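These figures come from a predicted structure and were not determined experimentally. In listed order, ligands and their atoms are each counted from 1.
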Amino acid sequence: MKAVVIGTGTIGAAVAETVAAHGHEVVTVGRKSGQFQADLADLASLRRLFARLGSFDAVACAAGEVFPAPFEQATDEQWADSLASKGLGQVNVVRAALPHVTDGGSFTLVSGVLTDEVTPAATIGATVNHLVEGFVKAAATELPRGVRINCVSPTVLTESVAYHPFFPGFTPVPAAEVARAYLRAMANPVTGRVLKLHKTDS
Ligand SMILES: NC(=O)c1ccc[n+]([C@@H]2O[C@H](COP(=O)([O-])OP(=O)(O)OC[C@H]3O[C@@H](n4cnc5c(N)ncnc54)[C@H](OP(=O)(O)O)[C@@H]3O)[C@@H](O)[C@H]2O)c1
C-alpha cells in the first residue's frame with residue numbers, strides 16, 4: 001500500500017511510523033513540513049499535490065486547525081478559519097484526491113472527542129468535528145470504485161500536554177494507539193465508520 005499521510009505532528013508522525021512499520025510506503029505532507037506541502041484551506045494546493053503524487057492507495061489526514069473560543073467571544077475569523085481548515089479542508093482532501101486514489105483505496109480523516117463530550121468553549125470544535133463525521137458517513141455511501149472512507153476520533157493525546165488543562169477529567173490516549181486506529185481503518189474492509197479513541201457515558 002502507498003499511503004499519503006497529511007500532517008507531520010503528534011498524530012501524523014505516529015501514523016506515518018506505524019504504517020511504515022507494517023511494510024507500507026508512506027508519503028508525508030505538511031503545510032510547511034513533510035516531503036510535500038499543501039494547505040488544507042487551499043483547494044488549488046490540494047489539487048496540485050495529488051496530481052504530483054500520481055496514484056496511491058490511501059490518504060490519512062491528521063491535520064487541520066480549530067481556533068476555539070467562548071461562544072460569545074468567538075470571532076468571524078475563528079469560525080471561518082476553523083471550518084475552512086479542519087472542516088471543509090478535509091472534505092476537499094477527499095474531493096481533490098479521489099481521481100487519483102486506486103480502486104478499493106481509502107480515506108481516513110480526523111474528528112475528536114468533542115463530538116460526544118463537552119468542555120468549556122467547545123462549540124467551534126464540536127461543530128467542526130460533527131461536520132467531518134457527517135461527511136464521512138454520507139460520503140461512504142457515494143464514493144465510487146469501492147473507495148472507502150472512515151474517521152478517527154481521539155480524545156486528548158497523552159503527548160499533547162498543553163491541551164490537558166482544557167480536558168479536565170479526561171483520560172488521554174497515546175499517539176501510538178491513535179495511529180493503530182488509522183491503520184485499522186486503512187488496512188481492513190471498513191467504511192463509514194467513526195473509530196473512537198475515547199469512552200463516553202452514552
Ligand atoms: N492532539 C490532540 O490531543 C488531538 C485530539 C483530538 C483530535 N486532534 C486532531 O488531530 C489533528 C492533528 O492534531 P495534532 O495534535 O497531531 O496536531 P499538531 O501536532 O499540531 O500537527 C499538526 C500538523 O498538521 C499540519 N497542518 C495544520 N494545519 C494545516 C493546514 N491548513 N494544511 C496542511 N497541513 C496542516 C501541520 O503542518 P505544518 O507543521 O507543516 O504547519 C502539522 O504537521 C487536528 O485536526 C486535531 O484537531 C488532536
Side-chain angles (χ1 to χ4, degrees), residues 4-19 26-50 53 59-69 77-78 80-97 107-119 121-133 135-136 150-168 170-179 181-182 185 194-200:
V4 180
V5 179
I6 305 176
T8 63
T10 310
I11 297 177
V15 171
E17 186 182 331
T18 297
V19 171
V26 173
V27 176
T28 61
V29 177
R31 193 171 27 187
K32 297 183 183 123
S33 57
Q35 296 165 287
F36 294 87
Q37 285 73 46
D39 185 343
L40 258 58
D42 178 355
L43 177 56
S45 79
L46 292 171
R47 290 201 165 117
R48 281 194 299 274
L49 168 75
F50 292 117
L53 293 180
V59 178
C61 188
E65 291 175 305
V66 168
F67 302 91
E77 288 73 21
Q78 284 168 319
D81 292 347
S82 302
L83 288 163
S85 182
K86 187 175 179 179
L88 192 57
Q90 294 197 88
V91 172
N92 281 339
V93 164
V94 176
R95 295 178 65 230
F107 293 97
T108 308
L109 307 186
V110 64
S111 58
V113 67
L114 295 181
T115 319
D116 292 317
E117 295 286 344
V118 284
T119 61
T123 305
I124 295 180
T127 302
V128 170
N129 287 347
H130 275 287
L131 184 161
V132 175
E133 293 185 9
F135 169 72
V136 164
N150 297 286
C151 180
V152 173
S153 175
T155 188
V156 68
L157 267 76
T158 306
E159 291 83 352
S160 300
V161 289
Y163 301 156
H164 290 184
F166 303 103
F167 290 86
F170 287 69
T171 304
V173 60
E177 195 174 328
V178 177
Y182 272 83
V194 178
L195 305 184
K196 298 186 178 186
L197 279 298
H198 57 82
K199 294 180 178 64
T200 67

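- Counting only heavy atoms of the protein, atom 38 (P) of ligand 1 lies nearest to Ser33 OG, 3.6 Å.
- Using 4.0 Å as the threshold, Gly89 has no heavy atom nearer than that to any atom of ligand 1.
- With contacts defined as side-chain heavy-atom distances shorter than 4.5 Å, the pair Thr28/Val26 qualifies.
- Taking atom 21 (O) of ligand 1 as the reference point, the nearest protein heavy-atom neighbour is Gly9 CA, 3.3 Å.
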*Worked verdict on Val15 versus Val19 for side-chain contact (heavy atoms from CB on, under 4.5 Å)*: CA-CA 6 Å; Val15 171; Val19 171; 4.0 Å; yes
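- Interface of Ser85 with ligand 1, defined as ligand atoms under 4.0 Å from a residue heavy atom, comprises 31 (N).
- The closest side-chain donor-acceptor pair between Thr10 and Glu159, if any, does not fall under 3.5 angstrom.
- Atoms of ligand 1 found under 4.0 Å from any heavy atom of Gly7, numbered from 1 in the order shown, are 23 (C), 24 (O), 43 (O).
- The backbone N or O of Pro154 sits nowhere less than 3.5 Å from a side-chain atom of His198 that would complete a donor-acceptor pair.
- Both the backbone and the side chain of Val156 come within 4.0 Å of ligand 1, counting heavy atoms alone.
- Among protein heavy atoms, atom 3 (O) of ligand 1 sits closest to Leu157 N, 2.9 Å.
- The contact set between ligand 1 and Ser111, taken as ligand atoms under 4.0 Å from a residue heavy atom, comprises 7 (C).
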*Check the pair Val27 / Phe36 against side-chain contact (heavy atoms from CB on, under 4.5 Å), numbers first and verdict last.*
CA-CA 8 Å; Val27 176; Phe36 294 87; 3.5 Å; yes
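- Annotation: Lys86 places an N or O atom under 3.5 Å from an N or O atom of ligand 1; distance criterion only.
- Between Gly125 and ligand 1 there is no heavy-atom distance shorter than 4.0 Å.
- In this structure, the side chains of Arg95 and Leu43 come closer than 4.5 Å at one or more pairs of heavy atoms.
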*Under the side-chain contact (heavy atoms from CB on, under 4.5 Å) rule, what do Glu65 and Arg31 come out as? Steps first, then yes or no, please.*
CA-CA 11 Å; Glu65 291 175 305; Arg31 193 171 27 187; 3.0 Å; yes
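- Contact between Val110 and ligand 1 is present, with at least one heavy atom of the residue lying under 4.0 Å from the ligand.
- Counting heavy atoms from C-beta on, the side chains of Glu117 and Phe170 come closer than 4.5 Å.
- Under the 4.0 angstrom criterion for non-hydrogen atoms, Ile6 is not in contact with ligand 1.
- Among all protein heavy atoms, the one lying closest to atom 6 (C) of ligand 1 is Pro154 O, 3.4 Å.
- Side chain of Ser85 to backbone of Ser82: no donor-acceptor contact under 3.5 angstrom is found.
- In this structure, atom 17 (O) of ligand 1 has its sub-4.0 angstrom surroundings free of protein heavy atoms.
- You'll find the side chain of Val194 reaches within 4.5 Å of the side chain of Ser153, heavy atoms only.
- Residue Leu197 is tested with Val152, Thr155, Val113, Leu157 for a side-chain contact (heavy atoms from CB on, under 4.5 Å); the sole match is Val152.
- Nearest to atom 11 (C) of ligand 1 by heavy-atom distance, out of Ala62, Ser45, Gly87, is Ala62.
- Here Thr155 has backbone heavy atoms under 4.0 Å from ligand 1, and that is the only part of it that gets that close.
- From the protein, the heavy atom lying nearest to atom 8 (N) of ligand 1 is Ile11 CD1, 4.0 Å.
- Proximity to Leu40 (heavy-atom distance under 4.0 Å) selects the following atoms of ligand 1: 30 (C), 31 (N), 32 (N), 33 (C).
- Among all non-hydrogen protein atoms, the one lying nearest atom 31 (N) of ligand 1 is Asp39 OD1, 2.9 Å.
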*Kindly determine whether Val94 and Leu109 satisfy side-chain contact (heavy atoms from CB on, under 4.5 Å), including the steps that lead there.*
CA-CA 9 Å; Val94 176; Leu109 307 186; 4.2 Å; yes
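- When Ala84, Ser160, Ala38, Pro172 are ranked by how near their heavy atoms come to atom 1 (N) of ligand 1, first place goes to Ser160.
- Under the side-chain contact (heavy atoms from CB on, under 4.5 Å) test applied with Cys61, the options Val5, Val4, Leu40, Val132 reduce to a single match, Leu40.
- Closest protein heavy atom to atom 24 (O) of ligand 1: Ala63 CB, 3.3 Å.
- Remark: minimum distance from atom 44 (C) of ligand 1 to any protein heavy atom is reached at Gly64 O, 3.3 Å.
- There is a protein heavy atom less than 4.0 angstrom from atom 34 (N) of ligand 1.
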